Amino acid sequence: MADDSSTNQHADQSPANGQAMANVMSVIPPSIAPPRKVALISGITGQDGSYLTELLLSKGYEVHGLIRRSSNFNTARLDHLYVDPHNSNKARMRLHYADLSDASSLRRWVDTLLPDEVYNLAAQSHVAVSFEIPDYTADVVATGALRLLDAVRAATPSKPGGIRYYQAGSSEMFGSTPPPQSETSPFHPRSPYAAAKCAAHWYTVNYREAYGMFACNGILFNHESPRRGENFVTRKITRAVGRIRVGLQTRLFLGNLSAARDWGFAGDYVEAMWMMLQQDKPSDYVVATDESHTVEEFLEEAFGCVGLHWKDHVEVDPRYFRPAEVDSLRGDSTRARTVLGWKPKVGFKELVKMMVDNDVDLAKKEKVLVDAGYRDAQQHP
């Protein structure tokens, strides 16, 4: 239910205490401080959820996140934002159990919190995985969005000023449509994930037109960061670069190296999400850097950051090719730049270096564990 379909929680900076934190956070009454804007985020523990939470907290919001019950806590992206809820004057981020597959839980928290803004970032968001679990992907990504939309629709009359809703779209919806892709480009999805995102997009448009809801679609092109899940190609590359640099790995196996993507920084893109909900009228926006690079270019840049050549370490494995490939995605974000006044701050080279620097540091820490005998040095090829 997040950027990487993983949503859990923590307490006292320790995942082992996550259960206790959720129990406390769900029962402590709202702060008695002067009213502040309230945001509800599904997928809060994902890459985008963590950056959006940072942004909203910096703007004085009270932030509530919906998380799925799991035996493993995965809140590393939120550790630096956590404040014990007993410290009610400072704890402005709270987590609650819910799931996009459970309409009753969504309705309960929307009714209870009556947020000013709802951001639906939750998804099974891995394209390749969506071919393996298509039913689940459709239920969470498409029908899950419909469930949350309907919960917001039902609660809106009880909220003075209404509730504003953001739906996270994806450039994958364009699929085989030739670039550049804008808000007027036709969708041609090439995966169960992309098809489900198309459904969620049109559900959002329908609810906006049928019920007059303030509901926006953000069609975000690929956005990355050091917080990206490690099974996404960009992070898979930079993690391998770090491990290869310190001697923990020698080879990296990838699929289609000629696929071209429009890669930006996730921290920039969440600002566009927020901007959409601050407008006078709801609409849909493409968010992109308006330039694309191939996987091979990403490899060259990433390995170059540590003085290595990617061809010495990378092998193509046919198992990583998709049943239906998306060859080229490049956004046209003219509307977002003109109407919202948004533009990306982090360029391609800066983004790659940011990710490589982070993962080299991470690999050095891993090597300490390997050298001390706490981790198997043969885990990677």
Side-chain angles (χ1 to χ4, degrees), residues 1-3 39-43 46 48-49 52 100 106 115-125 127 137-138 140-153 156 162-175 177 180-189 191 193-223 262 264 266 268-290 329-342:
M1 240 175 81
D3 177 62
L40 178 62
I41 303 173
S42 68
D48 293 5
L52 179 60
L100 287 187
L106 301 177
D116 297 279
E117 299 169 4
V118 172
Y119 296 86
N120 184 25
L121 310 185
Q124 189 301 99
S125 59
V127 174
T137 300
V140 171
V141 178
T143 311
L146 179 61
R147 295 182 185 109
L148 186 54
L149 268 167
D150 206 57
V152 171
R153 176 199 61 79
T156 293
I163 301 174
R164 299 190 171 202
Y165 177 89
Y166 171 83
Q167 172 61 37
S170 170
S171 59
E172 289 286 334
M173 298 189 299
F174 293 116
T177 299
Q181 295 100 357
S182 69
E183 295 85 358
T184 59
S185 300
F187 295 145
H188 191 153
S191 67
Y193 167 74
K197 278 293 186 183
C198 286
H201 174 96
W202 289 116
Y203 284 143
T204 303
V205 171
N206 177 251
Y207 268 59
R208 182 172 70 216
E209 295 177 351
Y211 302 111
M213 290 175 58
F214 194 108
C216 300
N217 284 294
I219 308 173
L220 274 58
F221 279 62
N222 296 65
H223 43 292
D262 186 329
D268 290 341
Y269 285 34
V270 299
E271 186 175 11
M273 299 177 188
W274 176 79
M275 287 179 168
M276 292 179 204
L277 298 195
Q278 313 314 307
Q279 302 305 303
D280 293 333
K281 296 181 179 180
S283 191
D284 307 323
Y285 300 88
V286 161
V287 179
T289 68
D290 298 1
L329 295 174
R330 174 167 55 87
D332 176 359
S333 62
T334 301
R335 190 160 190 274
R337 296 174 191 240
T338 302
V339 178
L340 302 180
W342 175 88

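Note that the coordinates shown come from a computational prediction; the quantities given were computed from them, not determined experimentally. In what follows, every heavy atom counts, from backbone to side chain, and hydrogens, waters and symmetry copies are set aside.
- Pairing each heavy atom of L329 with each of E172, the nearest pair is CD1-OE2, 4.1 Å.
- Taking the side-chain hydrogen bond (donor to acceptor under 3.5 Å, both in side chains) definition, one finds that T204 meets it with nothing, sequence neighbours left out.
- If you take CG on N120 and OH on Y203, they are separated by 13.0 Å, rounding to the nearest 0.5 Å.
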#### Entry: Verdict with reasoning, H223 to V287, per side-chain contact (heavy atoms from CB on, under 4.5 Å)
CA-CA 10 Å; H223 43 292; V287 179; over 6 Å; no
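- Counting only residues at least two apart or in different chains, salt bridge (charged side-chain N to carboxylate O under 4.0 Å, His left out) contacts with residues 196-216 comprise R208-D284.
- Here D290 contributes atom CG and R337 contributes atom CZ; the two are 4.0 Å apart, rounded to the nearest 0.5 Å.
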#### Entry: T334 vs T338, side-chain contact (heavy atoms from CB on, under 4.5 Å): CA-CA, chis, key distance, verdict
CA-CA 6 Å; T334 301; T338 302; 3.9 Å; yes
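- The only member of T143, L146, V140 that meets side-chain contact (heavy atoms from CB on, under 4.5 Å) when paired with L100 is V140.
- In this structure, S333 OG and I219 CD1 are separated by 12.0 Å, a value rounded to the nearest 0.5 Å.
- For R164 (side chain) and F214 (main-chain N/O), no donor-acceptor pair under 3.5 Å exists by modelled atom type.
- Counting all heavy atoms, side chain and backbone alike, T177 lies closest to P186 at OG1-O, 2.7 Å.
- For the pair W342 (side chain) and M273 (backbone), a donor-acceptor distance under 3.5 Å is absent.
- Across all non-hydrogen atoms, the minimal contact from S171 to N222 is OG-OD1, 3.4 Å.
- Distance CG/L106 to OG/S42: 8.0 Å, rounded to 0.5 Å.
- Checked by atom type and distance alone, the side chain of R335 never pairs as donor or acceptor with a backbone atom of S182 at under 3.5 Å.
- Remark: the backbone N or O of N217 is not paired with any side-chain donor or acceptor of Q167 at under 3.5 angstrom.
- Y165 approaches A145 most closely through the heavy-atom pair OH-O, 3.7 Å.
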#### Entry: side-chain contact (heavy atoms from CB on, under 4.5 Å) between V339 and S283, worked out
CA-CA 10 Å; V339 178; S283 191; over 6 Å; no
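- For the atom pair OG of S170 and CG of L220, the computed distance is 8.5 Å after rounding to the nearest 0.5 Å.
- Summarising the geometry of M275 relative to G341, their closest heavy-atom pair is CE-O, 4.4 Å, with the distance given to 0.1 Å.
- The backbone N or O of A288 lies less than 3.5 Å from no partner atom in the side chain of D262, so there is not a single donor-acceptor pair.
- A donor-acceptor pair under 3.5 Å links the side-chain atoms of Q181 to the main chain of R330, judged by distance alone.
- Remark: F221 engages F174 in a ring-ring contact (aromatic ring centres under 6.0 Å, His included) (not counting sequence neighbours).
- When all heavy atoms are compared, the tightest approach of A195 to P189 is N-CB, 3.5 Å.
- Atoms CD1 and OH, on I41 and Y119 in that order, are 7.5 Å from each other to the nearest 0.5 Å.
- For Y166 and W274, the distance between ring centers is not under 6.0 angstrom.
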